[in-house]
Asks: 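If you scroll down you'll find the structure; I have some questions about it.
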Amino acid sequence: MSTLSVDNITDKSAALTVDATYVVNGTFKSWADYQQTGTPTIDASFNVSSITDNAAGDATVNLTNSMDSADYPALGMTGNSWFVGYNGTARTVSACGFKNVSDAGTPVDNANNAFAILGDLLV
Amino acid sequence: MNKLIDRVAWAKEALEKVQPDYAIVWEDPETPEEPVHVTVPSPEWMAMARYGGLLPPVEVYHEIEDTLTADGKVTKGHLLHDTDPVGPMTQEEAIEYILMKDVPRRVWQQSHNRQMFYIVPRSAVPTNRTFRNAWRLNNG
């Protein structure tokens, strides 16, 4: 494997330049697209070892390569104008829980869920 | 590819995804009022497990967890990358690895007055979730 070692990345017009550390630090470190209807299934993922279906609308994503601390941002998305957030359990270096709720605040299952984690990997 | 994340990235591009044959259904003795949990490996992870030579021994994750600082910082992260990877696993060996990695140790390592987990074919997990929050383990 070869390594590209640069300080900055610039577009062809040289009008836009970004520090390479911005790219590294700003890249998602883990993501998944999963179903929580029928049998729980991960359709596609990166750096995810498994998903735990905890209850209706409630899931925990487990990471293959852990984060370097439990202080990382995580983003979630689900369907039908529902909301997704932390499921109330503590984030750890290797797992993060999500919960989908309806407008009325009721946990709901969804066939299309996605999450992504930013922050620093354990390297 | 010394870093685990490099192996993860390589596998994502090079290996065909493998949907798991099995799931783990389990209850947490610390929260017995909660419904049963169902843990399913990711197809990308299962491909890595079946291929071999990519994943660290599961005990590495335990040692990292056991040596966190009081404020949750990792002190032995190098083990994730430097420990020799394990060889190819069968689907059965892989689901046992996931049990030990992603299910709390109190579930499978401690003795209880009843079985707290089962490894089952994924097809045995109910697909009708109308009463999902009432699911419990059937210990016969």
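Per chain, numbering begins at 1; letters A, B, ... match sequence-line order. Note that the coordinates shown come from a computational prediction; the quantities given were computed from them, not determined experimentally.
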Asks: Scan side-chain atoms only and decide if B:Arg7 and A:Thr64 contain a donor-acceptor pair under the 3.5 Å cut-off.
Replies: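 On atom types as modelled, these side chains do not qualify, holding no pair under 3.5 Å.
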Asks: Under 4.5 Å from any heavy atom of chain B, what part of A:Ala44 do you find: side chain, backbone, both or neither?
Replies: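 Both the backbone and the side chain of A:Ala44 come within 4.5 Å of chain B.
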Asks: Evaluate the criterion side chain to side chain contact (heavy atoms under 4.5 Å, CB included) for residue pair B:Val74 and A:Ser69; output intermediate values, then yes/no.
Replies: CA-CA 6 Å; B:Val74 175; A:Ser69 82; over 6 Å; no
Asks: Hydrophobic cluster membership, with links at side-chain heavy-atom distances under 4.5 Å among I/L/V/M/F/W/Y: are A:Met77 and A:Leu118 in one?
Replies: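 No: no chain of side-chain contacts under 4.5 Å links A:Met77 to A:Leu118.
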Asks: Donor-acceptor pair, distance only, cut-off 3.5 Å: does the side chain of B:His81 make one with the backbone of A:Leu122?
Replies: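 Between the backbone of A:Leu122 and the side chain of B:His81 there is a qualifying donor-acceptor contact (under 3.5 Å).
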Asks: Indicate yes or no for a side-chain donor-acceptor contact from B:Arg129 to the backbone of A:Gln36 under 3.5 Å, with no hydrogens or angles considered.
Replies: yes
Asks: At a heavy-atom distance under 4.5 Å, which candidate from B:Val40, B:Val8, B:Val125 has the highest pair count against chain A?
Replies: B:Val40
Asks: Please identify, among A:Val48, A:Ile51, A:Thr41, A:Asp71, the residue contributing the most non-hydrogen atom pairs under 4.5 Å to chain B.
Replies: A:Ile51
Asks: Between B:Thr127, B:Asp71, B:Val38, which residue shows the highest count of heavy-atom pairs closer than 4.5 Å to chain A?
Replies: B:Val38
Asks: Is a side-chain N or O of B:Lys12 found less than 3.5 angstrom from the main chain of A:Ser45, in a donor-acceptor match?
Replies: yes
Asks: Checking the side chain of B:Tyr61 only, and the main-chain atoms of A:Ser66 only, is there a donor and an acceptor separated by less than 3.5 Å?
Replies: no
Asks: Counting only non-hydrogen atoms closer than 4.5 Å, does A:Leu121 touch chain B with its backbone (N, CA, C, O), its side chain (CB onward), both, or neither?
Replies: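 The side chain, not the backbone.
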Asks: Indicate if A:Val23 and A:Ile117 have the same hydrophobic cluster label, given that clusters are the connected sets of ILVMFWY residues with side-chain heavy-atom separations under 4.5 angstrom.
Replies: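 No, no single cluster joins them.
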Asks: Distance from A:Leu63 atom CG to B:Ser42 atom OG, nearest 0.5 Å?
Replies: 10.5 Å
Asks: Is A:Val93 close to chain B through its backbone or its side chain, or both, or neither, when contacts mean heavy atoms under 4.5 Å?
Replies: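 Only the side chain of A:Val93 comes within 4.5 Å of chain B.
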Asks: Is it the case that A:Thr52 and B:Asp102 place a side-chain donor and acceptor less than 3.5 Å from each other?
Replies: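 Short answer, no.
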Asks: Side chain, backbone, both or neither: which part of B:Pro56 has an atom under 4.5 Å from a heavy atom of chain A?
Replies: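 Answer is neither: B:Pro56 stays 4.5 Å or more from chain A.
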Asks: Who among A:Ala55, A:Pro40, A:Ser49 has the most heavy-atom pairs with chain B under 4.5 Å?
Replies: A:Ser49
Asks: Supply the atom-to-atom distance B:Asn128 CG to A:Thr37 OG1, rounded to the nearest 0.5 angstrom.
Replies: 11.5 Å
Asks: A quick test of your reading: do over 12 heavy atoms of other residues, nucleotides or ligands sit less than 6.0 Å from CG of B:Asp66?
Replies: yes
Asks: What residues of residues 21-35 of chain B sit under 4.5 Å from chain A when only non-hydrogen atoms are counted?
Replies: B:Trp26, B:Pro35
Asks: Quick check on B:Val36 against chain A: is it the side chain, the backbone, both or neither that has a heavy atom closer than 4.5 Å?
Replies: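 When you check distances to chain A, only backbone atoms of B:Val36 fall under 4.5 Å.
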Asks: Tell me whether B:Glu44 contacts the main-chain N or O of A:Phe46 through its side chain, where contact means a donor paired with an acceptor under 3.5 Å.
Replies: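 No, B:Glu44 side chain to A:Phe46 backbone: no donor-acceptor pair under 3.5 Å.
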Asks: Would you confirm whether B:Gln19, through its side chain, and A:Ile42, through its main-chain N or O, come within 3.5 Å as a donor-acceptor pair?
Replies: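 Present.
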Asks: Do you know the tightest heavy-atom contact between A:Asp43 and B:Lys17?
Replies: O-NZ, 2.6 Å
Asks: Give a yes or no on whether B:Leu55 and B:Trp10 share a hydrophobic cluster (residues Ile, Leu, Val, Met, Phe, Trp, Tyr; joining criterion: side-chain heavy atoms under 4.5 Å apart).
Replies: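 Result: yes, single cluster for both.
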Asks: Just verifying a value: how many Å separate A:Ser50 OG and B:Met46 CE, rounded to the nearest 0.5 Å?
Replies: 10.0 Å
Asks: With a 4.5 angstrom heavy-atom cut-off, which part of A:Asp68 approaches chain B: side chain, backbone, both or neither?
Replies: backbone
Asks: Can you tell me how far CD1 of B:Ile5 sits from OG of A:Ser30, rounded to the nearest 0.5 angstrom?
Replies: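 With rounding to 0.5 Å, OG (A:Ser30) is 8.0 Å from CD1 (B:Ile5).
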Asks: Just wondering, more than 12 heavy atoms not from B:Met100 lying within 6.0 Å of its CE?
Replies: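 Correct, the count exceeds 12.
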Asks: Is it the case that one hydrophobic cluster holds both A:Phe28 and A:Val24, taking links as side-chain heavy atoms less than 4.5 Å apart, direct or via other members?
Replies: no
Asks: Would you mind checking which part of A:Ala95 comes under 4.5 Å of any heavy atom in chain B, side chain (CB onward), backbone (N, CA, C, O), both or neither?
Replies: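 For A:Ala95, no heavy atom lies under 4.5 Å from chain B.
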Asks: Which is it for B:Lys3 and A:Asn65 under the side chain to side chain contact (heavy atoms under 4.5 Å, CB included) test, yes or no, and what are the steps along the way?
Replies: CA-CA 9 Å; B:Lys3 300 291 186 186; A:Asn65 193 126; 5.6 Å; no
Asks: Would you say that more than 12 heavy atoms from the other residues, nucleotides or ligands in this model lie under 6.0 Å from the CD of B:Gln110, or not?
Replies: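 Counting neighbours around CD of B:Gln110, more than 12 heavy atoms of other residues, nucleotides or ligands fall under 6.0 Å, so yes.
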